[in-house]
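Protein chains get the first letters and strands the later ones, always in sequence-line order, with residue 1 at the start of each. All values below were derived from every heavy atom in this structure, side-chain atoms included, with hydrogens, water molecules and symmetry-related copies excluded.
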2 protein chains.
Amino acid sequence: MVRRTKENAEVTRSQLLDAAEIVFNEKGVARASLAEIASAAGVTRGAIYWHFKDKADLVHAMLERVKLPIDEMVDKLSANQLDDPLNYLRNSAISVLSLVAQDAQTCRVFDIVKHKCELVADMEIGREHELQRRSECICSIETAITTAREQGLIPATINPQITAFAWYAYISGLITCWVLNPGLFSLADEAPGMIDMLLNGLRKREE
Amino acid sequence: MVRRTKENAEVTRSQLLDAAEIVFNEKGVARASLAEIASAAGVTRGAIYWHFKDKADLVHAMLERVKLPIDEMVDKLSANQLDDPLNYLRNSAISVLSLVAQDAQTCRVFDIVKHKCELVADMEIGREHELQRRSECICSIETAITTAREQGLIPATINPQITAFAWYAYISGLITCWVLNPGLFSLADEAPGMIDMLLNGLRKREE
DNA sequence: CTTTACATACATGCGTGTATGTATGTAAGA
DNA sequence: TCTTACATACATACACGCATGTATGTAAAG
């Protein structure tokens, strides 16, 4: 039974992306064949080549689907909270961790990006592209830290660039480690405590 | 000109592992062909199949070469320092970061494990295997934290298991992020400061 | 009647594993 | 000490499957 309307085509496309997430998660991006993804979506490879240029294009589309909600959340947080930079850092970090913890799709895609694909040149997920995204994120963190330092919330001796890198690495590490074994503990419950652990080390001590 | 003595065979094996590191780093484990690795080592695929069972065996041998020095270092630190658990955590973390920062081979292999291979079942680097190694490491950290709590060095309210996970995730994240762009800053120089950042957040506040 | 949204069929290449060839090292026996 | 016999350390050649990309077919929508 073939689908011919535009709406049905969108459904097929969506099912292909769902199937891609699942198959990539099982086999890894490199080993997953387009035939298997198509089969999991109930179609043939013809459908994939109709909707996407090739495997890399399929991967990119899969990433875009979850990138948008995350970017939206980060933008929402960064909008007005520069008067309280430390709380901005705290809230944005907790939000991202909670999103990964609660949304199965985001969790799956993170797992694929962190553990089921290879970041090499001319690959499905480019290393340069990943580096650039990271750079932007760290830059945003650095701004908040510099602001906090100007406000005397953290010691004047700290290096904003290094600290921003460490902050990013911490969050990235938490997500990466957690998705490897989501059943270990509730990330949403523990997120505030774990974030505060690093934040308290950063904060200026009261006298 | 072929090599026939046992010593020369060891040299060939070593060159194959060197070549594997380089080619895996360039192309990723999945895309790297055995023919290319053999060619980079100046031999043919026959040599690989003589020294190793298959691609997975080659990868494992490559990992063992750097795993041993790291394990040795961790063991060395964990031997006697349980009377000062917080310093043990600090020293072991700084040691690992310094090793990655200074040893190009360790750095390359870490980069391969973190960014150039896929952690799926029946893969070159097994997910279960990785999980188990992580579990052991976290367990060792947890012991130190529990000891520190008993000694009143850290608040009694903290959860050792969660904290150990966070500590591991932080170090893992720092390494993972840094190897993606080693030129960004000197990891060896900044390691103590970054480790202390989380350690200070963990430590009990003086009154 | 044309375009869409796929399914089907085909050609191609590439990587793996294995089987076999081969030159050298090495140890034992005379 | 010299030869024989076998093992070592690869190189070469072959067969096979599998994934990709593309070309073509086709039924329904507009």
Which donor-acceptor pairs under 3.5 Å do side chains of residues 157-164 of chain B form with protein atoms, sequence neighbours excluded?
from: B/Asn159; atom 1: OD1; to: B/Gln161; atom 2: N; distance (Å): 2.9
from: B/Asn159; atom 1: OD1; to: B/Ile162; atom 2: N; distance (Å): 3.4
from: B/Thr163; atom 1: OG1; to: B/Asn159; atom 2: O; distance (Å): 2.7

Would you mind reading off the distance between [X] atom [atom1] and [N] atom [atom2], rounded to a whole angstrom?
| X | N | atom1 | atom2 | answer |
| --- | --- | --- | --- | --- |
| A/Glu36 | D/dT20 | CD | C1' | 15 Å |
| A/Ile48 | C/dC6 | CD1 | C1' | 12 Å |
| B/Trp50 | D/dC10 | CH2 | P | 9 Å |
| B/Arg13 | D/dT8 | CZ | C1' | 16 Å |

- Query: Pick from B/Gln105, B/Arg13, B/Arg65: which one makes a side-chain hydrogen bond (donor to acceptor under 3.5 Å, both in side chains) with B/Asp18?
  - Reply: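 With B/Asp18 as partner, side-chain hydrogen bond (donor to acceptor under 3.5 Å, both in side chains) holds for just one option, B/Arg65.
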- By salt bridge (charged side-chain N to carboxylate O under 4.0 Å, His left out), which residues pair with B/Arg127, not counting sequence neighbours?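 For B/Arg127 the salt bridge (charged side-chain N to carboxylate O under 4.0 Å, His left out) partners, ignoring immediate neighbours, are A/Asp111.
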- For B/Glu64, all residues meeting salt bridge (charged side-chain N to carboxylate O under 4.0 Å, His left out), sequence neighbours excluded: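 If we apply the salt bridge (charged side-chain N to carboxylate O under 4.0 Å, His left out) test to B/Glu64, skipping adjacent residues, the hits are B/Lys67.
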- Task: Can you tell me which residue pairs pass the salt bridge (charged side-chain N to carboxylate O under 4.0 Å, His left out) test with a partner in residues 181-197 of chain A, sequence neighbours excluded?
- Result: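 Every salt bridge (charged side-chain N to carboxylate O under 4.0 Å, His left out) pair that includes a residue of residues 181-197 of chain A, provided the two are not neighbours, is A/Arg90-A/Asp196.
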Pairwise N/O distances under 3.5 Å, protein to nucleotides 9-17 of chain C:
from: C/dT16; atom 1: OP2; to: B/Leu34; atom 2: N; distance (Å): 3.1
from: C/dG17; atom 1: OP2; to: B/Tyr49; atom 2: OH; distance (Å): 2.5
from: C/dG17; atom 1: N7; to: B/Arg45; atom 2: NH2; distance (Å): 2.4
from: C/dG17; atom 1: O6; to: B/Arg45; atom 2: NH2; distance (Å): 2.9

- Item | For A/Tyr170, all residues meeting ring pair (Phe, Tyr, Trp, His ring centres under 6.0 Å), sequence neighbours excluded |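 Checked A/Tyr170 against ring pair (Phe, Tyr, Trp, His ring centres under 6.0 Å); matches are B/Tyr170.
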- Phosphate OP1/OP2 of C/dA5 contacted by A/His51 side-chain N/O (<4.0 Å):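 It does not, given that no N or O in the side chain of A/His51 lies less than 4.0 Å from OP1 or OP2 of C/dA5.
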